[in-house]
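Written out below as structure tokens is the structure these notes cover.
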Number of protein chains: 2
Amino acid sequence: MTKVLVVDDEPQIVRTLRINLTARGYEVATAGDGRDALRVAAAVRPDVVVLDLGLPDMDGSTVIEGLRGWTAVPIIVLSARTDSGDKVAALDAGADDYVTKPFGMDELLARLRAAVRRASASVPTGEAAVVETDAFTVDLAAKKVLRDGAEVHLTPTEWGVLELLVRNKGKLVGQKQLLQEVWGPAYASETHYLRVYLAQLRRKLEPQPSRPRHLLTEAGMGYRFEA
Amino acid sequence: MTKVLVVDDEPQIVRTLRINLTARGYEVATAGDGRDALRVAAAVRPDVVVLDLGLPDMDGSTVIEGLRGWTAVPIIVLSARTDSGDKVAALDAGADDYVTKPFGMDELLARLRAAVRRASASVPTGEAAVVETDAFTVDLAAKKVLRDGAEVHLTPTEWGVLELLVRNKGKLVGQKQLLQEVWGPAYASETHYLRVYLAQLRRKLEPQPSRPRHLLTEAGMGYRFEA
DNA sequence: GAGTGGCGTCAAGATCTCGTCATGGCCCGT
DNA sequence: ACGGGCCATGACGAGATCTTGACGCCACTC
């Protein structure tokens, strides 16, 4: 879940933001002043920070610099000041965006989404893209399959079938769905293709192709991948 | 030097921006409508795009999507509309920031700096800029390739292909992705180019061009670089 | 026990894709 | 104007992949 740190000294605003963000599935942490903000940020490691500039204890730029000293988390600045000098100072200090109060909730949320999207896109997509069984390993990102340490070559269609099954690990995937997503909408009833390609995959991947343990058939329904 | 693409149909604005940006050391390219914008973006590969939403030929979101189809370049939207619906739509379509006209040049420049800073920070610079194989060495930073101690000369296109493959070491890179990122979004299906350039790269780099060990083909899918 | 439907296996021809070479056009510096 | 480097494009054989049909097996039904 995406964690948002809201920093503002006006309880009114904090409350409004908390309600709106929580309702949209964000996890919300809050801080009422600069010291607090830095402390909480270090503790909860938010995915994005919404920071009011008019804090009682320290200057906004100081907070930004305090955060930037150790994290690249997106910072969206809120401020009542419309003066362009303030905006420039905050942005150059390391803020990602600057919204002037009063602000529209829709807009803030959209800017927040944009900031989060950017941040997550820049992180080289996590290792979660590797699925292992005791017989072989599938790397979804690299489109590679390893068996006994050696790479197994798959054709585009074989890969398409395997990928769809692996992405739905443990779930039953209907024949129609497989055919439509791999071959295209016009092939929804060519069930013969599936038999041929599942056999090929088993021959390449299963220790005992005739007794599959990972690429399983659900007669009359479809196929299932189990780790 | 940082390249900025300015897209606006009002010559006045384009002129003002060009002057200000050039004075601050940016390299400026311009486009007057959406079609132009996509074409120029593919050609000059800007580091940031400033995009006016009120273009004569196409909807702003369409332009954003057209860019997002193949590049993650930061997009700063300019618009006379203050309506929050427009802002939300543009940001959700993939824009990074939204500035309403009339805008302060200082602010725009600060937002532009913030966008560029973010984008360059997300590309880990020190990240293994040198990749070695037992046959040749690729220096991503210096854009050089060494083989048996001697420098191998590559044409810009050859380098573009090799760089993309090496940066995705071990991963399969789809032919569409290669074509779009090296030649531009309009060339997504010119698979013949790939065959020609991969052959040239192999001739220059592989000990046995007909039996490549580092620049591998995955028939029907794409190519892969292995060290 | 025969019939039926779904499945797995195999192999061969059709089709798509790849590597290679050759050619002509374009741009740029001389 | 003249080369030289670079890119786009066409032709074709070789190879990889897909499609298709035939056949046997199994489980279940009648």
Side-chain angles (χ1 to χ4, degrees), chain A residues 143 145 151-163 165 172-176 178-184 186-224, chain B residues 42-44 143 145 151-163 165 172-225:
Chain A
K143 290 202 195 312
V145 180
E151 188 170 334
V152 180
H153 178 81
L154 296 186
T155 71
T157 308
E158 286 165 4
W159 174 260
V161 173
L162 181 64
E163 179 175 20
L165 289 174
L172 174 77
V173 183
Q175 324 193 327
K176 202 160 155 187
L178 268 164
L179 287 163
Q180 289 192 150
E181 298 205 16
V182 177
W183 277 267
Y187 295 75
S189 51
E190 302 284 345
T191 63
H192 189 177
Y193 292 3
L194 290 178
R195 291 200 282 282
V196 173
Y197 279 90
L198 262 294
Q200 280 174 1
L201 281 172
R202 284 171 181 149
R203 189 143 33 81
K204 291 185 176 182
L205 302 177
E206 293 275 6
Q208 274 188 281
S210 56
R211 226 157 287 245
R213 291 189 307 149
H214 305 106
L215 298 168
L216 311 176
T217 300
E218 301 278 340
M221 313 189 58
Y223 295 86
R224 176 204 309 276
Chain B
V44 312
K143 291 198 191 301
V145 181
E151 184 172 339
V152 179
H153 176 77
L154 296 187
T155 71
T157 308
E158 285 164 4
W159 174 259
V161 173
L162 181 63
E163 178 176 22
L165 288 173
L172 177 81
V173 182
Q175 16 195 34
K176 201 160 154 187
Q177 187 189 347
L178 269 164
L179 287 162
Q180 289 194 152
E181 298 204 15
V182 176
W183 277 267
Y187 295 76
S189 51
E190 301 286 341
T191 61
H192 191 172
Y193 293 4
L194 289 177
R195 292 201 282 282
V196 174
Y197 278 87
L198 261 294
Q200 279 173 3
L201 282 171
R202 284 171 180 147
R203 192 141 28 83
K204 291 184 176 182
L205 302 177
E206 293 275 5
Q208 273 187 284
S210 58
R211 224 158 275 274
R213 291 188 312 157
H214 306 105
L215 299 169
L216 310 177
T217 300
E218 299 277 343
M221 304 204 277
Y223 293 86
R224 180 201 307 277
F225 168 81

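Protein chains get the first letters and strands the later ones, always in sequence-line order, with residue 1 at the start of each.
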Output a table of nitrogen or oxygen pairs between the protein and nucleotides 16-23 of chain D separated by less than 3.5 Å.
| unit_1 | atom_1 | unit_2 | atom_2 | d |
| --- | --- | --- | --- | --- |
| D/dT17 | OP1 | A/His153 | NE2 | 2.7 |
| D/dC18 | OP1 | A/Thr157 | N | 3.0 |
| D/dC18 | OP1 | A/Thr157 | OG1 | 2.3 |
| D/dC18 | OP2 | A/Thr155 | OG1 | 2.7 |
| D/dC18 | OP2 | A/Tyr197 | OH | 3.4 |
| D/dC18 | O5' | A/Tyr197 | OH | 3.3 |
| D/dT19 | OP2 | A/Trp183 | NE1 | 2.9 |
| D/dT20 | OP2 | A/Tyr193 | OH | 2.4 |
| D/dG21 | O6 | A/His192 | NE2 | 3.2 |

Q) Does a side-chain heavy-atom distance below 4.5 Å link A/Leu215 with A/Leu162? A) yes

Q.
I need the CG-P distance between B/Leu179 and D/dC7, as an integer number of Å.
A. 14 Å

Q. What's the shortest heavy-atom distance between B/Phe225 and B/Leu165, and which atoms?
A. CB-O, 3.6 Å

**Q.** Segment of DNA chain C, first to last nucleotide, that comes within the 4.0 Å heavy-atom reach of chain B
**A.** C/dT17 to C/dT20

Q | Within-4.5 Å side-chain heavy-atom neighbours: B/Leu198 and B/Thr217 | A | no

Q: Taking side-chain hydrogen bond (donor to acceptor under 3.5 Å, both in side chains) as the test, write out the residues that go with B/Trp183, two or more places apart.
A: none

Q | B/His214 side chain reached by B/Leu205 side chain, heavy atoms, under 4.5 Å | A | no

Q) Can you name the residues that form a side-chain hydrogen bond (donor to acceptor under 3.5 Å, both in side chains) with B/His192, not counting sequence neighbours? A) none

Q. Tell me the salt bridge (Lys or Arg N to Asp or Glu O under 4.0 Å) pairs involving residues 192-208 of chain B, sequence neighbours left out?
A. B/Glu158-B/Lys204

Q | Test salt bridge (Lys or Arg N to Asp or Glu O under 4.0 Å) applied to A/Glu218 - qualifying residues, sequence neighbours left out | A | A/Arg224

Q) What is the nucleic acid contact for A/Thr191, judged by heavy atoms within less than 4.0 Å: base, sugar-phosphate only, or nothing? A) nothing

